[in-house]
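Inspection log for the structure reproduced underneath, given as structure tokens.
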Amino acid sequence: MHDLRAAARSAADLAAEHLAGVSRGPVWRPVSEADRTWLTRQSLPTGGRPLADLLDDVRDRILPYPMGNGHPRFFGWVNSPPSPAGVLVAPLAAAMNPSCAGGDHTGVLLERTAVRWLAELVGFPHPPGAGLLTSGASMATITALAAARHRAFRDQGHDVRETGLYGHRPMSLYVSAEAHSCLRKAAELLGLGTQYLRTVPVDSAFRMDTGELRRLIAADQRAGVRPFFVAASAGTVNTGAVDPLDDIAAIALEHRLWFHVDGAYGALGILAADAAPGYAGLERADSLALDPHKWLGVPVDAGCILFREAAGPRDAFSLVPPYLRDEGAGELGWFSEYGTEQTRPFRALRVWATLAHLGRDGIVHLVQHTTGLARTLAELIEACDDFELLAPVVTSITTFRHCPPGVDTDRTEALNAAIPAAVQRRGHAFLTGTRISGAAALRACVLHPGTTKDDLTVLLDEIRAAAREVTT
Ligand SMILES: *Cc1c(COP(=O)(O)O)cnc(C)c1O
């Protein structure tokens with residue numbers, strides 16, 4: 001134990017020094033050949049190594065090569081820097097190491113509050129028990145779709161847990177062309193078949209076209225396929241678009257579809273005053289996925305699925321017959337009755353600490369700061385003649401293209417496809433690409449509380465420099 005105390009103090013110093021120094025280093029750099037070999041090829045030591053010795057390796061061979069997301073000029077994918085409060089308590093959660101499957105201990109009790117706070121933040125109704133923390137939105141989506149599938153079968157007098165999908169009328173699901181791939185993965189995994197997964201086209205602002213949604217539903221009904229699920233996005237990964245949630249909620253109600261909202265990244269955007277009206281209808285969803293490990297910066301992993309009512313997911317997952325439920329656990333039962341995981345980590349400590357440290361005001365400020373910068377980036381882009389904005393900025397994502405004057409369409413396409421990797425290699429900023437309306441695009445997602453307007457200027461200059469590198 002004395003060993004642990006001394007080593008843990010050194011580890012705390014290492015973590016603090018790492019975080020303090022991250023903005024001075026390159027955003028990303030390749031792992032050296034020697035360290036790459038050590039990382040992948042080392043053999044298991046026969047005798048165990050002392051704790052302090054392990055820290056030497058962490059300091060010399062692991063910490064120097066971060067993925068980049070701690071840096072204020074990291075604009076890639078949707079990966080935030082870790083919240084200080086989350087870093088602070090992560091080792092304590094490990095020290096307690098409970099399984100949050102259930103039982104009567106602080107891990108389980110605190111998860112109730114963490115989940116309720118998330119629901120309250122975005123204005124989603126929260127009956128007790130209607131939600132749980134997950135590994136991320138991918139698992140949250142599987143959980144929601146399983147509950148939806150269970151309800152749809154029950155409506156037809158079947159228990160899908162018993163009968164499986166065999167011999168039943170096909171059921172269709174609707175997602176927009178901009179939906180995250182985790183929806184497709186969940187549909188495949190739950191045996192729903194991608195042949196019944198309908199891709200609804202989007203409008204010019206990359207929002208689900210609800211006229212098309214109605215048309216696809218009607219076509220399925222005529223063909224004898226039963227529509228049962230629609231997923232809207234509150235903040236798509238490509239452009240941050242928020243679908244017309246109220247309209248989709250109305251269509252879902254009319255046809256008794258389960259209405260799911262993927263707010264993994266963007267649900268918190270509702271806290272930016274000018275964006276809030278665009279989220280109307282979010283509170284009408286049957287389920288809402290929201291990742292605390294995205295915008296809030298809770299250290300990975302921390303996802304969350306919220307449900308309108310608690311009974312549905314429990315019916316879909318609980319393997320405890322009602323007459324054997326652990327009454328000592330209270331009427332809500334165990335978390336493991338609401339999802340796929342049995343042994344569950346103490347995610348709630350990191351989520352709770354992050355939320356409590358920021359407070360509501362701090363969270364609102366974070367969302368406003370980052371969405372404000374995404375807008376500023378759009379303004380900078382519109383003021384230059386060598387950049388083109390590709391989508392309206394709704395959350396904290398700006399999607400654009402580098403189009404140096406005099407370069408033809410094919411070259412511009414090749415250039416934009418090559419720019420992200422070239423920017424990453426230069427190490428002064430990190431951005432990733434995507435495809436928008438079939439063409440290569442650049443995409444900057446702002447999530448870091450320490451990012452400034454100057455960082456945006458550096459980003460644009462880095463893109464220009466990378467473009468010259470790729471061209472010559
Ligand atoms: C990140 C993300 C997902 C997937 O969530 P994971 O936490 O990576 O499993 C789904 N949808 C959106 C919009 C996302 O940003």
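One is the number of the first residue; the rest follow in order along the sequence. Note that ligands are numbered from 1 as they come in the structure, with each ligand's atoms numbered from 1 the same way.
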Nearest non-hydrogen contact with atom 4 (C) of ligand 1 belongs to which option: E178, H180, K185, M139? H180
With a 4.5 Å heavy-atom cut-off, do H150 and D159 have their side chains touching? yes
Contact atoms of ligand 1, heavy-atom distance to [X] under 4.0 Å:
X	answer
Y265	15 (O)
C182	10 (C)
A264	2 (C), 3 (C), 10 (C), 11 (N), 12 (C), 14 (C)
G235	13 (C)

Using the ring-ring contact (aromatic ring centres under 6.0 Å, His included) rule, pick out the option among F153, F228, Y196 that qualifies with H168. F153
Residues E212, R215; criterion salt bridge (charged side-chain N to carboxylate O under 4.0 Å, His left out); working and verdict: CA-CA 5 Å; E212 290 288 330; R215 195 183 58 73; 2.7 Å; yes
Checking [Y] against [X]: is there a side-chain donor and acceptor pair closer than 3.5 Å?
X	Y	value
D301	S135	no
S396	T370	no
T452	D455	yes

For [atom], the protein heavy atom that lies nearest, with its residue and separation:
atom	answer
atom 14 (C) of ligand 1	K294 NZ, 3.0 Å
atom 11 (N) of ligand 1	D262 OD2, 2.7 Å
atom 7 (O) of ligand 1	D291 OD2, 2.5 Å

N or O contact, T236 vs ligand 1, cut-off under 3.5 Å: no
Ligand 1 contact on S138 by region, counting heavy-atom pairs under 4.0 Å: both
Side chain, backbone, both or neither: which applies to A137 and ligand 1 if a contact is any heavy-atom pair less than 4.0 Å apart? both
Close approach of H293 to ligand 1, heavy atoms, under 4.0 angstrom: yes
Mind checking whether G303 has a heavy atom under 4.0 Å from ligand 1? no
About how many Å separate CG of D243 and OG1 of T210, when rounded to the nearest 0.5 Å? 9.5 Å
Is there a salt bridge (charged side-chain N to carboxylate O under 4.0 Å, His left out) between E309 and R314 once you walk through the steps? CA-CA 10 Å; E309 49 100 23; R314 195 178 193 181; over 6 Å; no
Answer yes or no: is there an ion pair linking E283 with R308, defined by an N-O contact shorter than 4.0 Å? no
